[in-house]
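Comments concern the structure below.
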Amino acid sequence: MTIIAVANSKGGVGKSTLAVHLAAWLDKQGHRVTLADCDTQQSSSQWIREAAPQVKALCLRDPDDIINDLPMLAQDTDFVVADGPGSLAETSRALLLVADSAIVPCKASMLEIRALDAATKVLRQAQKIRSGMPRATIVLSMVGKNYRLTQDMHEAAALLKLPIARTFMTLRQIYADAPGQAAVVWKLGSRAREAAAEVDRLFHELLPEAVGGIRSDAMRRQPAVS
Ligand SMILES: Nc1ncnc2c1ncn2[C@@H]1O[C@H](COP(=O)(O)OP(=O)(O)OP(=O)(O)O)[C@@H](O)[C@H]1O
Ligand SMILES: [Mg+2]
């Protein structure tokens, strides 16, 4: 089982939007998935229950519960996607102590990238204690249509020793509308086609090993031909 934490202690950067889409995408790839909603607002667990009811949804906020119970509660699943809180440093710390990898959504501006130093302090503490784990990647979120990643931002991210995913999540009304429609973007028809292609590309980039889970498992289980 792999635990993926979506974490950035800054609020409103797109954590829940990314976490719900990632959990539903992993489910679509044929994996057994748990979404651990570690935020007080519990918006992502409600959204996933409506958008992909076969994903197991848990609400876990207490740091002790995250460390002691999360691995056990999710033991029948292949992936846990944990939606981190906007504040609650102790909850984030607990999450990053059990996570195998972390995705750090960050709005695409120099100010936000600079704020990442403070917003990822807990992540770096965990990496220091755990010899570099969890591995983390920045995903730029709410990116304007004609945005180009500047050298300044590359350098700021490099100083934090965090790679930036090549695929961005663009600023699109359809992402903001999706929870109200109780759906993920690839269920929202032609209006959401570009968003659907973008998240699919992003998750292929972040988790190439998760693509087509059922097929590859089935192939692995096939008896060898003698
Ligand atoms: N790519 C996007 N384009 C347009 N709107 C977006 C996008 N991503 C997220 N939003 C909207 O921005 C707001 C904040 O997003 P979200 O709730 O995912 O952030 P968060 O980091 O989980 O916030 P919090 O820290 O409060 O939990 C929401 O209203 C959401 O619908
Ligand atoms: Mg949230």
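Remember, predicted model here, so these are calculated numbers, not experimental data. Below, all heavy atoms of this structure are taken into account, side chains as well, without hydrogens, waters or symmetry copies. One-based numbering, in listed order, for ligands and for the atoms of each.
Looking at every heavy atom in both residues, Ala182 comes nearest to Glu50 through CB-OE1, 3.4 Å. What you find for Ala74 and Val80 is that their closest heavy atoms are CB-CG2, 3.2 Å.
Side chain to side chain, Thr170 and Glu198 meet the donor-acceptor criterion of an N or O pair below 3.5 Å. A donor-acceptor contact under 3.5 angstrom links the side chains of Asp177 and Gln173, judged on distance only. With no hydrogens or angles considered, a side-chain donor-acceptor pair links Ser16 and Asp83 at under 3.5 Å.
Per-residue contacts place Leu171 under 4.0 angstrom from the following atoms of ligand 1 (heavy atoms of the residue considered): 3 (N), 4 (C). Of all the atoms in ligand 1, the ones that sit under 4.0 Å from a non-hydrogen atom of Ser16 are 18 (O), 20 (P), 22 (O). Against a heavy-atom cut-off of under 4.0 Å, Gly11 is close to the following atoms of ligand 1: 25 (O). Within ligand 1, the atoms closer than 4.0 Å to a non-hydrogen atom of Thr170 are 1 (N), 2 (C), 3 (N), numbered from 1 in the order shown.
Of the protein's non-hydrogen atoms, Ala176 CA, 3.3 Å is the one closest to atom 31 (O) of ligand 1. Protein heavy atom in closest approach to atom 19 (O) of ligand 1: Gly14 N, 3.0 Å. Regarding atom 24 (P) of ligand 1, its nearest protein heavy-atom neighbour is Gly12 N, 3.5 Å. For atom 20 (P) of ligand 1, the closest non-hydrogen atom on the protein side is Lys15 N, 3.4 Å.
If you count the protein N, O or S atoms nearer to the Mg ion (ligand 2) than 2.8 Å, you get 1.
The residues Arg124 and Asp117 are annotated as salt-bridged, a charged nitrogen and a carboxylate oxygen being separated by less than 4.0 angstrom.
The line from NE2 of His21 to CH2 of Trp186 is 5.5 Å long, rounded to the nearest 0.5 Å.
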Could you check Leu159 against Lys161 for side-chain contact (heavy atoms from CB on, under 4.5 Å), going step by step and ending with a plain yes or no?
-> CA-CA 5 Å; Leu159 277 179; Lys161 297 199 170 60; over 6 Å; no
Please walk me through it: do Ile4 and Asp100 pass side-chain contact (heavy atoms from CB on, under 4.5 Å)?
-> CA-CA 6 Å; Ile4 305 167; Asp100 299 292; over 6 Å; no
What do the steps show when you test Thr34 against Phe79 for side-chain contact (heavy atoms from CB on, under 4.5 Å), and what is the final call?
-> CA-CA 6 Å; Thr34 297; Phe79 286 93; over 6 Å; no
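The shell of residues lying under 4.0 angstrom from ligand 1, judged by heavy atoms, excludes Ser141. Using a 4.0 Å cutoff on heavy atoms, Gln173 does not count as a contact of ligand 1.
Geometrically, ligand 1 and Val13 share a nitrogen or oxygen pair separated by less than 3.5 Å. At under 3.5 Å, a nitrogen or oxygen of Arg172, whether backbone or side chain, sits near a nitrogen or oxygen of ligand 1. Taking distance alone, with nitrogen or oxygen atoms compared against 3.5 Å, Gly84 stays at or beyond that limit from ligand 1.
There is no protein heavy atom less than 4.0 angstrom from atom 28 (C) of ligand 1.
Every residue was checked against the side-chain hydrogen bond (donor to acceptor under 3.5 Å, both in side chains) condition with Trp47, not counting sequence neighbours, and none meets it. With sequence neighbours left out, Ser141 forms a side-chain hydrogen bond (donor to acceptor under 3.5 Å, both in side chains) with no residue at all. Scored by the ring-ring contact (aromatic ring centres under 6.0 Å, His included) test, His204 finds Trp25 as partners (sequence neighbours excluded).
Of the candidates Asp39, Asn8, Thr17, it is Thr17 that places a heavy atom closest to atom 30 (C) of ligand 1. Nearest to atom 13 (C) of ligand 1 by heavy atom, out of His21, Gln41, Met142, Met169, is Met142.
Residue Leu35 is not grouped with residue Leu58 when hydrophobic side chains (ILVMFWY) are merged at heavy-atom distances under 4.5 angstrom, including chains of intermediate members.
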